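First the structure, in the form of structure tokens, and then the observations on it.
Scope of the values below: all heavy atoms of this structure, side chains included, with no hydrogens, waters or symmetry mates. What you see is a predicted model; the values in this text were computed from it and never measured. Chain identifiers are assigned alphabetically (A, B, ...) following the order of the sequence lines, protein sequences preceding nucleic acid strands; residue numbering begins at 1 within each chain.
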Amino acid sequence: MSLTPVVMHSYLEAAVFVSFVVATLLGAIFAVASRRLVRCVCGLALSFMGLSGLYYYLQSPFLALMQILIYVGAICITIMFAMMLTDPQDQRLPRGRGMVLEAACLLVAGLMAVGLIVLICRAGWPVTSAPATPVDTFKELGRALLYRYGFAFEVMSVVLLLASLGALVVARGGRRAKP
Amino acid sequence: MNFLLWGGQLQVYLIIGALLFAIGFFGFFRHRTLVGMLISGELIMAGAALNFMAFGRFRAADVVAGQTFALFIMGIAAAEAAIVLSIMIAVYRNYRSIETKDLKDLEG
């Protein structure tokens with residue numbers, strides 16, 4: 001196969017996709033396996049960056065943008081704040097019974113992953129190439145949020161309002177006013 | 001399976017979602033602090049959202065259903081993170097620690 005520009009282009013596309021996949025999985029492994037919590041949060045941010053690239057490959061640039069804005073920009077920062085306000089201990093090296101427990105967790109999680117992957121590979125999904133997407137998912141998404149999913153959208157805004165009010169109440173409760 | 005076509009295959013995304021779920025599951029039981037458990041919970045939710053997106057892209061009649069659900073999952077995750085932050089602060093004020101082994105009495 002000669003390297004015409006078209007072939008080069010498809011190779012480049014596949015390489016970028018694989019790098020997003022690697023970022024997602026490596027970041028996730030880093031987030032659960034590191035012993036220092038700051039590094040866990042950085043791994044989480046890396047994983048979410050990779051995930052936003054995968055969303056881009058799933059033809060939804062809006063979700064990719066929201067992923068970076070909400071997860072990396074808001075949730076990772078919130079977790080950082082939680083760490084700074086509560087001063088958690090870093091994970092200690094497990095020994096004795098802790099080691100056995102950790103190995104058991106790893107075994108169960110590995111079995112679950114293998115089982116799910118076997119199921120996915122043997123499920124025999126009807127062979128469809130990716131459907132030709134409409135060019136403008138932005139417009140469609142906005143319309144769906146306001147018409148078909150309008151009620152769910154409103155309920156979500158109430159949930160967010162209650163969550164922020166509840167967070168204020170819970171975090172403030174128990175703090176006494178100075179005499 | 002051709003390596004060049006991975007970006008357009010349903011199974012590839014499902015496998016990544018399953019791996020994210022398993023990694024998050026492992027972290028949820030491994031971490032000894034509430035912060036670590038929150039991080040792992042976010043990974044599990046991300047795996048679920050990726051599954052919704054993949055099925056919405058490849059299998060659904062409605063092109064935006066999967067994206068809408070992923071957006072709602074993001075909203076739920078943001079609300080959850082805010083609540084968990086405030087609970088952690090409340091717990092830390094009472095116990096001076098957020099390690100799960102220290103949180104074992106129910107007195108108010």
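- Looking at A:Gln67, the atoms closer than 4.5 Å to chain B (heavy atoms on both sides) sit in the backbone and in the side chain alike.
- Between A:Met112 and B:Phe26, the closest side-chain pair of non-hydrogen atoms is not below 4.5 Å.
- Only the side chain of A:Phe62 comes within contact range of chain B, judged by heavy atoms closer than 4.5 Å.
- Open room surrounds CE on A:Met8; 12 or fewer heavy atoms of other groups in view lie less than 6.0 Å from it.
- For a residue to count as touching a neighbouring chain, one of its non-hydrogen atoms must lie under 4.5 Å from one of that chain's; by this rule A:Met66 touches chain B with backbone and side chain alike.
- Residue B:Phe55 places its CZ atom among more than 12 non-hydrogen atoms of other residues, nucleotides or ligands, all under 6.0 Å distant.
- Rounded to the nearest 0.5 Å, atoms CG (A:Leu25) and CD1 (B:Ile16) are 6.0 Å apart.
- The CG atom of B:Leu38 sits 4.5 Å away from atom CD1 of A:Ile79, with the distance rounded to the nearest 0.5 Å.
- You'll find the side chain of B:Ile15 reaches within 4.5 Å of the side chain of A:Cys121, heavy atoms only.
- Heavy-atom pairs under 4.5 Å with chain B were tallied for A:Thr24, A:Val18, A:Leu106; the largest tally goes to A:Leu106.
- Of the two parts of A:Ala31, the backbone and the side chain both hold a non-hydrogen atom closer than 4.5 Å to a non-hydrogen atom of chain B.
- Under the 30°/60° scheme for interplanar angles, the aromatic rings of A:Tyr149 and B:Phe72 are found to stand perpendicular.
- In this structure, B:Ile83 and A:Ala163 approach most closely via the heavy-atom pair CD1-O, 3.6 Å.
- The CZ atom of B:Phe25 sits 7.5 Å away from the SG atom of A:Cys105 when rounded to the nearest 0.5 Å.
- Chain A forms more heavy-atom pairs under 4.5 Å with one residue of B:Ile87, B:Val35, B:Val84 than with any other, namely B:Val35.
- A:Ala152 touches chain B through backbone and side chain together, each having a heavy atom under 4.5 Å away.
- Interatomic distance, CG of B:Leu34 versus CE of A:Met83, reported as 13.0 Å (0.5 Å rounding).
- Here the closest non-hydrogen pair linking B:Ile39 and A:Cys40 is CD1-CB, 3.7 Å.
- Counting only heavy atoms from C-beta outward, the side chains of B:Ile76 and A:Met156 approach each other to under 4.5 Å.
- In this structure, A:Val21 is a member of the same hydrophobic cluster as A:Val32, with clusters built from ILVMFWY side-chain heavy atoms closer than 4.5 Å.
- For A:Arg148, the part lying under 4.5 angstrom from a heavy atom of chain B is the side chain only.
- Of the listed residues (B:Ala46, B:Gly66, B:Ala90), the greatest number of heavy-atom pairs within a distance under 4.5 Å of chain A belongs to B:Ala46.
- At a threshold of 4.5 Å between non-hydrogen side-chain atoms, the residues B:Arg57 and A:Ser60 do not count as touching.
- Remark: B:Phe58 CZ to A:Leu58 CG distance equals 5.5 Å, nearest 0.5 Å.
- For a residue to count as touching a neighbouring chain, one of its non-hydrogen atoms must lie under 4.5 Å from one of that chain's; by this rule A:Val169 does not touch chain B.
- Residues B:Arg30 and A:Ala33 share a closest heavy-atom pair of NH2-O, 3.5 Å.
- Contact record, B:His31 with A:Ser34: CE1-O, 4.1 Å, taken as the closest heavy-atom pair.
- A heavy-atom distance below 4.5 Å is not found between the side chains of A:Tyr55 and B:Gln67.
- A heavy-atom distance below 4.5 Å is found between the side chains of B:Leu20 and A:Ser47.
- Both the backbone and the side chain of B:Glu42 come within contact range of chain A, judged by heavy atoms closer than 4.5 Å.
- Among the candidates A:Ile70, A:Val159, A:Leu54, the residue making the largest number of heavy-atom pairs closer than 4.5 Å to chain B is A:Leu54.
- For the set A:Ile120, A:Val108, A:Thr86, the count of heavy-atom pairs under 4.5 angstrom toward chain B peaks at A:Thr86.
- Atom-to-atom distance recorded for B:Gln11:CD and A:Ile117:CD1 is 12.0 Å, nearest 0.5 angstrom.
- In A:Tyr56, the OH atom is not crowded: 12 or fewer heavy atoms of neighbouring residues, nucleotides or ligands sit closer than 6.0 Å.
- Both the backbone and the side chain of A:Ile29 have a heavy atom closer than 4.5 Å to some heavy atom of chain B.
- Residue A:Leu44 touches chain B through its side chain alone, counting heavy-atom pairs closer than 4.5 Å.
- Between B:Tyr92 and A:Leu85, the closest side-chain pair of non-hydrogen atoms is not below 4.5 Å.
- Nearest heavy-atom pair, A:Ala28 versus B:Ile23, reported as atom, atom and distance to 0.1 Å: O-CG2, 3.6 Å.
- Within the 4.5 Å cutoff, side-chain heavy atoms of A:Leu141 are placed close to those of B:Leu71.
- Interface remark: A:Leu51 contributes side-chain atoms only to the contact with chain B (heavy atom separation under 4.5 Å).
- Within a 6.0 Å radius of CE in A:Met49, other residues, nucleotides and ligands contribute 12 heavy atoms or fewer.
- For A:Ala167 against B:Ala82, the heavy-atom pair with the smallest separation is CB-O, 3.8 Å.
- Contact of B:Tyr13 with chain A is made through the side chain alone, with heavy-atom distances under 4.5 Å.
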